[in-house]
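Shown next, in structure tokens, is the structure this report addresses.
Not measured: the values here are computed from a predicted model. Heavy atoms only: backbone and side chains are in, while hydrogens, waters and symmetry mates are out. Residue numbers begin at 1 in each chain, while the letters A, B, ... track the order of the sequences.
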Amino acid sequence: MKEKELQRSRAVLPIGTIMKLTELTARQIRYYESQNLILPVRSESNRRLYSLNDIDRLLEIKDYLAEGFNMAEIKRVYEKQAARRQHEQQKLTKPVTDADLRDALHNEFLTVGGFRHDSGTFSN
DNA sequence: ATTCTGACA
DNA sequence: TGTCAGGA
């Protein structure tokens, strides 16, 4: 892993900063964490510490919700993303870059986004 | 001042 | 999701 990614994954930002940068409330940020959409590390004083990647993640989640996705669907997107990440890693073939992840995520978006929904009523 | 968990008038 | 409590 390159230094640049190490910095992006270095969690040091307090929730207050995340709130300002994402326009999300602490309530929402913590809720998404409870849904395993993000996994901020904890400081010795139990404070949540976020990385730049977490911010990107939250902004994406925010976009999905704006597009009309519900938690279950967004979870599916990241679960598949994680599955692919593991699969690619197992095949020990092509290294997964941030660009690859962004693309995979976008594809999932188009795939599951083919239909508007209202929580749980799938049509495909 | 800031953040954390739990709970719901 | 908002918001208040009570503690760290």
Hydrophobic clusters here meaning ILVMFWY residues chained together by side-chain heavy-atom distances under 4.5 Å, can you tell me if [X] and [Y] are in one?
X: A:Leu21; Y: A:Val12; result: yes
X: A:Leu39; Y: A:Met71; result: no
X: A:Met19; Y: A:Leu59; result: yes

Has [X] got a side-chain atom pairing as donor or acceptor with [Y]'s backbone, closer than 3.5 angstrom?
X: A:Lys75; Y: A:Asn36; value: no
X: A:Gln28; Y: A:Thr25; value: yes
X: A:Gln86; Y: A:Ala83; value: no
X: A:Asp54; Y: A:Ser51; value: yes

* Asked: If pairs are Watson-Crick or G-U with both distances under 3.5 Å, what is the dot-bracket string of DNA chain B, marking crossing pairs with [ ] and pairs to another strand with |?
  -> .|.|||||.
* Asked: Looking at side-chain heavy atoms only, is the closest gap between A:Asp56 and A:Leu52 below 4.5 Å?
  -> no
* Distance (rounded to the nearest 0.5 Å) between A:Ile55 CD1 and A:Thr17 OG1 ->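 Nearest 0.5 Å value for the CD1-OG1 distance: 8.0 Å.
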* Which other residues end up in the same hydrophobic cluster as A:Val41, if Ile, Leu, Val, Met, Phe, Trp and Tyr are linked when side-chain heavy atoms come under 4.5 Å apart? -> A:Leu49
* When you measure from every atom of DNA chain B, which of residues 41-54 of chain A have a heavy atom less than 4.0 Å away? ->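 The stretch gives A:Arg42, A:Asn46, A:Arg47, A:Arg48 as the residues lying under 4.0 Å from the strand, ordered by number.
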* Does NZ or CZ of A:Arg57 lie under 6.0 Å from the centre of the six-membered ring of A:Tyr78, at an angle within 45° of the ring axis? ->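 So A:Arg57 does make the cation-pi contact.
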* **Range on DNA chain C touched by chain A - first to last nucleotide, heavy-atom distance under 4.0 Å** =>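 Reading along DNA chain C, I get C:dT1 to C:dA8.
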* To do: Would you please name every residue forming a side chain to side chain donor-acceptor pair (under 3.5 Å) with A:Lys2, sequence neighbours left out?
  => A:Glu5
* Asked: Among residues 23-34 of chain A, which contact DNA chain C at a heavy-atom distance under 4.0 Å?
  -> A:Thr25, A:Arg27, A:Gln28, A:Tyr32
